[in-house]
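Since the structure is predicted, the reported quantities are computational estimates derived from the model, not experimental observations. The first residue in the sequence is number 1, and the count goes up from there. Basis for what follows: all heavy atoms, side chains included, without hydrogens, waters or symmetry-related copies.
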Amino acid sequence: MTNLRIPGPTPCPPEVLSAMGRQMMNHRGGEFMKTVLSVTEKLKRMFQTDNDVFLLTGSGTGGLEAAVVNSFSPGDKVLSVSIGVFGDRLANIAKTFGADVTVLKSEWGKPADPQAIKASLDNDPSIKAVMVTHNETSTGVTNDLETIAKTVKPYNKLLLVDAISSIGSINLPVDDWGIDVMVTGSQKSWMVPPGLAMVAISEKGWQANANAKMPRFYWDFARAKKSLANGGQTPWTPAVSVILALDVALDMMLSEGLENIIARHIKLGRMTREGVKALGLKLFADEAYASNTVTAVLGSDGLDAKALNKIMREEYDIVLSGGQMELEGKIFRIGHLGWVNEREVEDVLVALKTALPKAGFGGGN
């Protein structure tokens with residue numbers, strides 16, 4: 001079986017795939033509505049929140065758009081903290097809908113500087129909200145979100161977090177850290193196919209929603225809240241099969257235990273980083289902030305990163321990710337989140353040992 005080691009979509013357990021194969025049911029019927037309520041309560045446990053949680057049918061990017069349009073009005077000043085491709089995407093979504101966005105960029109491979117965020121808020125008290133990506137898969141960096149949240153809190157600003165590739169694998173206690181709008185996606189830590197964005201909204205998030213004037217219809221949180229209160233409905237036709245699969249996946253995750261899941265990803269992240277360094281490779285990310293869900297590796301010492309990924313796929317049936325935007329051809333990435341174990345990471349490292357020379361590694365710069 002193909003060893004899919006990208007940061008999403010991630011492999012699905014057989015039990016999840018079996019649930020996906022169930023016959024369709026009435027999405028307004030009692031059985032499915034009960035499932036929606038069950039999934040929602042399980043997600044609250046995994047999110048470590050008592051806030052409202054909703055299932056939205058769409059990709060993670062759809063969830064980010066929902067977060068933006070439900071929180072802001074055109075002209076609102078927003079500080080968008082970006083450390084890579086997906087941080088830039090979140091800023092661009094807000095710009096598209098008319099927000100006045102200040103982008104605070106960090107060098108790719110480095111985390112955001114909480115002191116720089118503080119300085120930005122000090123310099124412009126009219127900023128309404130801070131947006132940040134918790135885990136940047138394009139660079140393999142995890143921001144220190146706890147410190148960022150503590151930095152933002154005294155300013156009483158809305159805090160929107162892209163947790164698409166973190167929560168469920170990396171610790172993110174939504175309530176304890178004071179996250180106002182949090183977004184994740186089904187195809188990452190949650191071990192199910194793409195098709196769902198899951199969001200959590202605080203009371204402050206609802207206050208922002210009540211005043212937000214950006215256009216929205218499909219992504220309207222107020223409609224989602226009203227529908228869920230109506231026995232577990234969704235405002236529009238949901239991704240029935242993905243929700244059924246998520247119900248099973250959440251049972252598996254709760255059985256393993258959130259603390260154990262987080263510990264497993266810490267171990268896998270460390271194993272991957274130590275393994276690639278032992279092969280003579282260099283990490284792209286600042287190792288003090290390296291992600292436990294994806295490892296970005298620099299194409300150094302003559303390595304052709306694109307050729308390596310081709311060799312790994314065609315000769316070893318292992319699928320890795322390449323670099324994005326200006327990192328295309330310069331790095332390769334190993335995903336290790338969701339349904340993954342040590343053996344699968346070890347298989348990648350063993351294959352890399354023989355594949356690297358074929359891709360030019362060791363041949364000089």
Full working for salt bridge (charged side-chain N to carboxylate O under 4.0 Å, His left out) between E328 and K306: CA-CA 8 Å; E328 183 178 357; K306 284 188 174 181; 3.0 Å; yes

Side chain proximity check, F284 to T139, heavy atoms < 4.5 angstrom: yes

Single-linkage hydrophobic cluster, 4.5 Å side-chain cutoff, F332 and L327 together: no

Expected output: side-chain D220 to main-chain R216 donor-acceptor under 3.5 Å: no

Partner residues of P215 under the side-chain contact (heavy atoms from CB on, under 4.5 Å) criterion, sequence neighbours left out: F97

R333 side chain vs G140 backbone, donor-acceptor pair below 3.5 Å: no

Atom pair NZ/OG1 of K277 and T272 - distance to nearest 0.5 Å: 11.5 Å

Any donor-acceptor pair under 3.5 Å from N341 side chain to E344 backbone: yes

Validation row: V132, L159 side chains within 4.5 angstrom (heavy atoms): yes

Single-linkage hydrophobic cluster, 4.5 Å side-chain cutoff, V297 and V345 together: yes

Charged tip of R223 within 45° of Y218 ring normal and under 6.0 Å: no

Cluster overlap I266 with I167, hydrophobic side-chain contacts below 4.5 Å: yes

Donor + acceptor pair across side chains of T295, H336 (<3.5 Å): yes

Partners meeting side chain to side chain donor-acceptor pair (under 3.5 Å) with T184 (sequence neighbours left out): W190

Under 3.5 Å side-chain donor-acceptor pair for D88 and S82: yes

Straight-line distance of L254 CG to L43 CG, nearest 0.5 Å: 9.0 Å

From L250 atom CG to I243 atom CD1, the distance as rounded to the nearest 0.5 Å: 11.0 Å

For the student: nearest non-hydrogen atoms of P9 and P194, plus distance: CG-CG, 3.8 Å

S80 side, atom OG; L104 side, atom CG - distance, nearest 0.5 Å: 9.0 Å

Side-chain H-bond candidate by donor/acceptor type, T35 with D247, under 3.5 Å: no

Test item: L356 and L303 side chains (from C-beta on) under 4.5 Å apart, heavy atoms: yes

S165 side-chain N/O to T137 backbone N/O, donor-acceptor pair under 3.5 Å: no

Close side-chain approach of M20 and L244, heavy atoms under 4.5 Å: no

Donor-acceptor under 3.5 Å (N70 side chain, A212 main chain): no

Salt-bridge criterion met for E346 and R343 (N-O under 4.0 Å): no

Crowding at CD, E314 (>12 non-hydrogen neighbours, <6.0 Å): yes

Side-chain donor/acceptor of S255 to backbone N/O of D251, under 3.5 Å: no

Donor-acceptor contact below 3.5 Å, side chain T57 vs main chain A239: yes

K44 vs E41, salt bridge (charged side-chain N to carboxylate O under 4.0 Å, His left out): CA-CA, chis, key distance, verdict: CA-CA 5 Å; K44 286 185 177 185; E41 289 305 311; 3.8 Å; yes

Please list every donor-acceptor pair under 3.5 Å in which a side-chain atom of residues 145-153 meets a protein atom from a residue at least two apart or in another chain.
unit_1, atom_1, unit_2, atom_2, d
T147, OG1, D144, OD1, 3.2
T147, OG1, D144, OD2, 2.6
T151, OG1, T147, O, 2.7

Approximate separation, where rounding is to 0.5 Å, of M252 CE and M191 CE: 4.5 Å

Sub-4.5 Å side-chain heavy-atom contact between R313 and T2: no

Where G185 and M198 come nearest, the two heavy atoms and their spacing: C-SD, 4.2 Å

Non-hydrogen side-chain atoms of T142 and N292 separated by less than 4.5 Å: no

Inter-residue atom distance L79.CG - L160.CG, 0.5 Å rounding: 12.0 Å

D50, CG atom: more than 12 neighbouring heavy atoms under 6.0 Å: no

Contact summary for A19 and V248, nearest pair of heavy atoms: CB-CG2, 3.7 Å

Candidate pair W177 and L172, rule side chain to side chain contact (heavy atoms under 4.5 Å, CB included), full reasoning: CA-CA 8 Å; W177 290 1; L172 201 179; 4.1 Å; yes

L349 reachable from Y316 in the ILVMFWY side-chain graph, under 4.5 Å edges: yes

R89 side chain vs G84 backbone, donor-acceptor pair below 3.5 Å: no

Parallel, tilted or perpendicular: ring planes of F221 versus W206, cut at 30 and 60 degrees: perpendicular

Within 6.0 angstrom of R28 CZ, more than 12 heavy atoms from elsewhere: yes

Sidechain-backbone polar pair: R5 side chain, G335 backbone, donor-acceptor under 3.5 Å: yes

Stepwise side chain to side chain contact (heavy atoms under 4.5 Å, CB included) test for I83 and Y289: CA-CA 12 Å; I83 62 170; Y289 296 91; over 6 Å; no

K213 to S73 - nearest heavy-atom pair and separation: N-OG, 2.9 Å

Any V36 side-chain heavy atom under 4.5 Å of L228 side chain: yes

Criterion salt bridge (charged side-chain N to carboxylate O under 4.0 Å, His left out) on E31 and R22, from CA distance to verdict: CA-CA 13 Å; E31 181 183 1; R22 289 183 60 184; 2.8 Å; yes

Heavy atoms of other groups near M24 CE, more than 12 under 6.0 Å: yes

Shortest non-hydrogen contact from V199 toward L56: CG1-CD1, 3.9 Å

No-hydrogen, no-angle side-chain donor-acceptor test under 3.5 Å, K42 and S38: yes

Common cluster, I170/L258, ILVMFWY with side-chain heavy-atom separation under 4.5 Å: no

Test side chain to side chain contact (heavy atoms under 4.5 Å, CB included) applied to V174 and Q48, step by step: CA-CA 6 Å; V174 169; Q48 303 176 71; 5.8 Å; no

K358 atom NZ, over 12 foreign heavy atoms within 6.0 Å: yes

Heavy-atom side-chain proximity of D162 to V183 below 4.5 angstrom: no

Side chain to side chain contact (heavy atoms under 4.5 Å, CB included) between W219 and V68, intermediate numbers included: CA-CA 10 Å; W219 296 127; V68 167; over 6 Å; no

Side chain S202, main chain K204, donor-acceptor under 3.5 Å: yes

